[in-house]
Amino acid sequence: MSDPRVFFAAERTLLAWLRSGLTLMALGFVVARFGLFLTLLSPGQVEHLNSHRWLSDLLGLVLVLSGAAVILCAQYNHRRYVQTLPPEDVPQMALPWLSSVLSIAVAAAGTLLAIDLLLF
């Protein structure tokens with residue numbers, strides 16, 4: 001007797017981790033760019049703000065990279081879990097690779113964002 005609810009629960013868990021990773025990456029971007037915003041906001045204190053801007057840039061970079069790492073680890077755990085399911089519990093889908101490609105693409109976009117934050 002097949003029960004696809006177990007597989008779909010695993011898919012929902014993967015998507016929840018994907019949302020969490022995206023949230024971390026978005027927060028990291030905001031933190032990294034907030035230091036630049038403060039520098040533009042108060043032109044009289046540029047030296048003081050520039051000396052502490054590296055901290056917000058570093059924290060933003062760490063948050064973006066941790067978001068990408070969370071997504072990749074969630075994808076790895078999902079694949080490992082789905083492999084342990086009996087074949088009758090895994091439904092035959094039209095695009096079985098879609099969640100994997102989505103996770104890897106979002107993690108790659110996060111890595112590219114981290115590179116952009118590092119260089120600019």
Side-chain angles (χ1 to χ4, degrees):
M1 226 171 123
S2 109
D3 187 12
R5 292 179 295 174
V6 175
F7 175 78
F8 290 127
E11 287 281 315
R12 283 190 305 273
T13 303
L14 173 66
L15 292 175
W17 278 109
L18 184 68
R19 285 191 306 268
S20 299
L22 274 170
T23 303
L24 273 174
M25 288 190 289
L27 179 64
F29 179 77
V30 168
V31 166
R33 291 302 179 218
F34 189 68
L36 177 64
F37 174 71
L38 285 179
T39 304
L40 294 174
L41 194 61
S42 58
Q45 298 177 340
V46 173
E47 308 85 35
H48 174 68
L49 291 175
N50 276 339
S51 65
H52 295 293
R53 188 172 152 214
W54 68 270
L55 186 59
S56 66
D57 287 345
L58 179 65
L59 183 60
L61 184 68
V62 166
L63 285 169
V64 169
L65 287 175
S66 12
V70 161
I71 292 172
L72 289 176
C73 291
Q75 173 60 34
Y76 176 74
N77 283 341
H78 175 72
R79 280 288 132 211
R80 294 274 315 252
Y81 179 74
V82 169
Q83 289 173 350
T84 65
L85 292 176
E88 60 269 2
D89 283 354
V90 180
Q92 298 299 318
M93 298 183 299
L95 302 172
W97 45 266
L98 187 60
S99 61
S100 299
V101 169
L102 176 66
S103 298
I104 293 170
V106 171
T111 305
L112 290 174
L113 178 62
I115 292 170
D116 180 57
L117 289 175
L118 188 63
L119 296 178
F120 299 107

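Start at 1 with the first residue, then count along the sequence. Scope of the values below: all heavy atoms of this structure, side chains included, with no hydrogens, waters or symmetry mates.
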Nearest 0.5 Å please: distance from the [atom1] atom of [X] over to the [atom2] atom of [Y].
X	Y	atom1	atom2	answer
Arg79	Thr84	CZ	OG1	11.5 Å
Phe7	Glu88	CZ	CD	14.0 Å
Met25	Leu117	CE	CG	11.5 Å
Leu113	Phe29	CG	CZ	6.5 Å

Mind checking what makes side-chain hydrogen bond (donor to acceptor under 3.5 Å, both in side chains) contact with [X], not counting sequence neighbours?
X	answer
Tyr81	none
Arg19	none
Ser103	Gln75

Task: Linked, directly or transitively: Leu95 and Met93 (ILVMFWY side chains, under 4.5 Å) - done: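 As far as the 4.5 Å side-chain criterion goes, Met93 and Leu95 are not connected within one cluster.
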
TODO: May I ask whether Leu58 and Leu118 are part of the same hydrophobic cluster, defined by side-chain heavy atoms of I, L, V, M, F, W, Y residues being less than 4.5 angstrom apart, directly or through others?
DONE: no

Open item on the list: Tell me whether Asp89 contacts the main-chain N or O of Asp3 through its side chain, where contact means a donor paired with an acceptor under 3.5 Å.
Closed with: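 Yes.
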
Task: Atom CZ of Phe8 with >12 non-hydrogen neighbours under 6.0 angstrom - done: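 Enclosed.
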
Task: Leu24: hydrophobic cluster co-members (side-chain, 4.5 Å) - done: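 Result for Leu24 is Trp17, Leu27, Val31, Leu59, Leu63, Val70.
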
TODO: Run through the side-chain heavy atoms of Ile, Leu, Val, Met, Phe, Trp and Tyr, join any pair under 4.5 Å, and report what else lands in Val30's cluster.
DONE: none

- [ ] Identify the heavy atoms of Ile71 and Ala107 that sit nearest to each other, and give their distance.
- [x]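 Looking at all heavy atoms of both residues, the shortest contact is CG2-CB, 4.1 Å.
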
Task: Criterion side chain to side chain contact (heavy atoms under 4.5 Å, CB included) against Ser99, the qualifying member of Leu18, Val82, Ile104, Leu14 - done: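 Considering Leu18, Val82, Ile104, Leu14, a side chain to side chain contact (heavy atoms under 4.5 Å, CB included) with Ser99 is found only for Leu14.
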
TODO: Check salt bridge (Lys or Arg N to Asp or Glu O under 4.0 Å) between Arg12 and all other residues, then give those that pass, not counting sequence neighbours.
DONE: none

